[in-house]
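Remarks on the structure that follows.
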Amino acid sequence: MSARNDVPPDTLGVELTEDGVAVEYHDGREVFYRGVPTAVEDSVRAGPGKDVHVLVTDQTETQGIMLYINDLNTHDDILEETGVGRVMIDDGAEETLFQGVSARAEAHRVEVEADLSVVDGRVFVFAEDEMGERSYEIVENA
């Protein structure tokens with residue numbers, strides 16, 4: 001696998017529906033995370049080897065910023081064209097993703113924490129691999 005760089009995110013269009021969460025990229029494509037996200041308190045810890053995407057919406061829930069965590073598959077140019085960001089976190093390290101949202105990597109797992117008293121919008125975490133995807137929303141009282 002080749003080394004990848006951190007890529008800063010841009011604001012993307014977001015639509016929350018009863019069937020899932022849609023995110024519109026700058027290049028016009030849309031990704032749809034199916035299903036109502038499972039509500040969890042404080043943090044989400046993804047299984048080993050999962051692709052982890054974090055979406056933080058604004059107060060209107062129509063815009064947001066998305067980051068891929070430790071993604072080794074997507075080329076920097078593609079991320080820059082879509083508006084999706086990426087952060088690479090060394091094993092055992094922790095990074096602030098957004099104000100009130102942080103992630104840490106440990107033993108091929110990623111854990112995302114949110115302090116919702118600081119975050120203005122909603123925090124979603126998507127964990128996926130070839131076998132399927134799981135969607136979570138970090139909430140105050142699950």
Can you see which heavy atom on [X] is nearest to which on [Y], and at what distance?
X    : Y   : answer
G64  : V14 : N-CG2, 3.6 Å
V7   : V84 : CG1-O, 4.0 Å
Y136 : P37 : C-CB, 3.6 Å
A107 : P48 : O-CB, 4.4 Å

Could you pull out all residues at least two apart from [X] that satisfy side chain to side chain donor-acceptor pair (under 3.5 Å)?
X   : value
D10 : none
T57 : none
T11 : none
R86 : D71, D76

Evaluate whether atom [atom1] of [X] has more than 12 neighbouring non-hydrogen atoms of other residues, nucleotides or ligands under 6.0 angstrom away.
X    : atom1 : value
H26  : NE2   : yes
R134 : CZ    : no
Q99  : CD    : no

Validation row: V101, V119 side chains within 4.5 angstrom (heavy atoms):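 Heavy-atom side-chain distance check passes, below 4.5 Å.
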Beyond-backbone contact of F126 with V54, side-chain heavy atoms, under 4.5 angstrom: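 With C-beta onward as the side chain, the pair stays apart.
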From CA spacing to verdict: side-chain contact (heavy atoms from CB on, under 4.5 Å), F32, V21: CA-CA 6 Å; F32 190 72; V21 179; 6.0 Å; no
Residue pairs involving residues 115-128 (criterion salt bridge (Lys or Arg N to Asp or Glu O under 4.0 Å); sequence neighbours excluded):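 Salt bridge (Lys or Arg N to Asp or Glu O under 4.0 Å) check on residues 115-128 returns E61-R122, R122-E137.
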Pair listing, salt bridge (Lys or Arg N to Asp or Glu O under 4.0 Å) test, anchored in residues 45-57, at least two apart: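 Checked against salt bridge (Lys or Arg N to Asp or Glu O under 4.0 Å) - neighbours excluded - the pairs reaching residues 45-57 are K50-D129.
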[X], [Y]: one ILVMFWY side-chain cluster at the under-4.5 Å cut-off?
X    : Y    : answer
L16  : V123 : no
V44  : V56  : yes
F124 : L116 : no
L79  : V31  : yes

For [X], side-chain contact (heavy atoms from CB on, under 4.5 Å) partners two or more places apart:
X    : value
D91  : E106
T96  : none
D90  : A93
A103 : I89, L97, V110, V112

Nearest-0.5 Å distance that lies between atom CG in L72 and atom CG in N70: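 That separation rounds to 7.0 Å.
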Rounded distance [0.5 Å steps], CD1 in I69 versus CE in M88: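 The CE atom of M88 is 9.5 Å from CD1 of I69, to the nearest 0.5 Å.
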Salt bridge (charged side-chain N to carboxylate O under 4.0 Å, His left out) involving E15 - partner list, sequence neighbours excluded: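 With sequence neighbours excluded, E15 shows a salt bridge (charged side-chain N to carboxylate O under 4.0 Å, His left out) to no residue whatsoever.
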Residues that R104 engages under salt bridge (charged side-chain N to carboxylate O under 4.0 Å, His left out), provided they are two or more places apart: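 Expected list: E94, E111, E113.
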Mutual orientation of the aromatic rings belonging to Y68 and H53 [parallel < 30°, tilted 30-60°, perpendicular > 60°]: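 Parallel, since the angle between the ring planes stays under 30°.
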Intermediate values then yes/no, side-chain contact (heavy atoms from CB on, under 4.5 Å), I138 and E41: CA-CA 6 Å; I138 299 177; E41 290 183 29; over 6 Å; no
Passing candidate, side-chain contact (heavy atoms from CB on, under 4.5 Å) with L12, options M66, E30, Q63: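 For L12, the side-chain contact (heavy atoms from CB on, under 4.5 Å) test succeeds with only one of M66, E30, Q63, which is M66.
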